[in-house]
Amino acid sequence: MKFEGFNLKKDLVVALNKLGYIEANEVQFNVIPKALKGENLIVKSSTGSGKTHSFLIPILNGLDFNLGTQALIISPTKELALQTYSFLKEFKEFYPNLSTKLITSGIDFTRNLEDLNKSSQIIISTPGRLSSILKDYSFDFSNIKTVVLDEVDMLAEQGFFNDVERIIDNIDNPQILVFSATISQQTRDFLRKNIKETTIIDLNKGLNDKITHYFVNTKHMDVFESIDVFLENVNPFLLFIFANKKTLVAEIYSHLRSKKVNCGIISGDLSQRERRSMLRRTNNNEFQVLVCSDVGARGIDVEDVSDVLSVDIPNNLEYYFHRAGRTARNGKTGNSYVFYNNETVEKARELINIGVKPIYWKITRNLLEIDQKPVFVKNRHRKDEDLANKVKSYKVKTKDTKVKPNYKKKRKRDIEKIVHDHKREKIKKQIRSTLDKKFKEEAKRKK
């Protein structure tokens with residue numbers, strides 16, 4: 001459906017079309033009409049599905065440029081807040097009077113206070129910074145009509161619900177729009193307590209079928225050697241590499257730099273300015289690889305990520321899906337790779353148990369190739385017809401014999417001996433076959 005079919009203001013439709021937004025995707029099609037009616041919404045949709053514009057468009061459509069702050073967007077990280085702020089800046093050329101402010105840590109506290117006092121129409125903020133400001137200062141939030149909780153599952157994981165509750169208490173009966181890829185029980189309890197008369201829109205159909213998953217057995221190679229082999233064989237257009245620990249993220253980044261790989265880094269150890277620069281350079285296609293921590297890159301929307309590599313498996317398996325969700329965004333296809341070895345195989349198996357259907361690869365002799373016998377696939381021994389026939393023949397042969405004392409024990413021992421002798425003969429044949437193959441190879445080499 002085209003945006004002009006949503007009964008939006010004409011100038012907004014013109015702005016959307018000139019920015020290249022002609023038709024609404026699935027999440028926008030389902031969310032925008034209800035949001036325009038003022039309904040409280042909980043929207044569950046996969047990463048990269050276009051959630052941001054599904055709340056920005058209704059907000060922009062309802063703005064009165066003669067009033068102060070009318071919308072508050074709460075994001076769990078500075079990067080996500082900045083991303084939303086950047087999306088809004090696209091509309092500045094069409095709305096000269098549009099004023100938006102970014103309230104986050106990493107920006108001078110005094111400047112945040114000044115920005116709040118200027119009463120911009122839209123405020124994008126992280127909960128911690130805004131909550132700490134509201135403890136000591138009061139602002140005119142009487143015109144706020146809409147509050148957006150973006151990536152609410154991450155707000156829960158980082159313990160921001162108390163801050164969010166404190167912020168909402170300062171606003172009189174706003175429309176609340178909640179967006180997330182996953183919703184935990186903790187989040188459900190919080191939403192049930194704080195949002196009444198809510199419409200739930202669940203568009204999360206499980207795994208993104210445009211992502212191909214690969215489990216790569218690195219065997220005894222260390223992570224740095226494995227990454228080198230991976231890059232040489234895959235040669236990705238734009239690769240995100242994820243690791244659990246910030247120290248490993250930094251080590252991988254240093255290793256790749258030493259190998260002259262054009263790469264960037266996103267982690268919690270970087271300053272706001274450094275992270276903003278890295279994201280800008282990534283979007284400008286300056287890097288082939290971006291090395292990330294989970295917190296640093298969660299929810300970041302970067303165009304054309306062709307591949308994602310997890311060098312380890314996150315403790316919270318939900319994070320794997322957020323990692324994989326950096327690729328195959330907005331209808332495109334992509335690949336997600338996971339390194340594993342004998343020590344982490346059980347954790348990888350957990351991903352399979354919750355629905356991941358991977359293709360199995362392995363690293364051997366500096367090559368990345370199909371793993372014909374992955375450890376995840378249970379050995380299904382074919383029924384040994386010869387052995388079955390021998391046992392059956394014995395049972396038929398002894399069936400009509402006169403029952404004597406200890407007959408059953410003797411019969412059991414005889415069958416066990418048949419099985420033992422059969423297995424022994426098979427082992428001998430395998431040894432002979434292996435030796436024959438070895439002798440033939442040596443004969444070839446001598447020629």
May I ask you to check whether Q28 and Y21 show a side-chain donor-acceptor distance below 3.5 Å?
->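 Y21 and Q28 do not have a side-chain donor-acceptor pair below 3.5 Å.
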
Are side-chain N/O atoms of N143 and Q121 paired as donor and acceptor at under 3.5 Å?
->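 Side-chain D/A pair, N143 to Q121: absent.
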
N-O pairing of E79 and R276 below 4.0 Å = no

Hey, can you pull the donor-acceptor pairs under 3.5 Å for the side chains in residues 101-109, sequence neighbours left out?
| unit_1 | atom_1 | unit_2 | atom_2 | d |
| --- | --- | --- | --- | --- |
| D108 | OD2 | T110 | N | 3.1 |
| D108 | OD2 | R111 | N | 3.2 |

Evaluation steps, salt bridge (charged side-chain N to carboxylate O under 4.0 Å, His left out), between D312 and R323 = CA-CA 11 Å; D312 46 28; R323 290 178 178 186; 3.6 Å; yes

Apply side chain to side chain contact (heavy atoms under 4.5 Å, CB included) to the pair D163 and E165, showing each step before the final yes or no.
-> CA-CA 5 Å; D163 293 321; E165 207 164 13; over 6 Å; no

Let me see the working for K332 and D304 under salt bridge (charged side-chain N to carboxylate O under 4.0 Å, His left out), right down to the final yes or no.
-> CA-CA 8 Å; K332 298 176 183 177; D304 301 323; 2.6 Å; yes

Parallel under 30°, tilted from 30 to 60°, perpendicular over 60°: which one fits the rings of [X] and [Y]?
| X | Y | result |
| --- | --- | --- |
| F139 | F141 | parallel |
| F55 | F179 | tilted |
| F339 | F230 | perpendicular |

Residues in side chain to side chain donor-acceptor pair (under 3.5 Å) contact with T199, at least two apart in sequence or another chain | E39

Where do I265 and L290 come nearest, in terms of heavy atoms and distance?
->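 For I265 and L290, the tightest heavy-atom pair comes out as N-CD1, 3.6 Å.
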
Heavy atoms of S120 and D115 approach each other most closely as OG-O, 4.3 Å

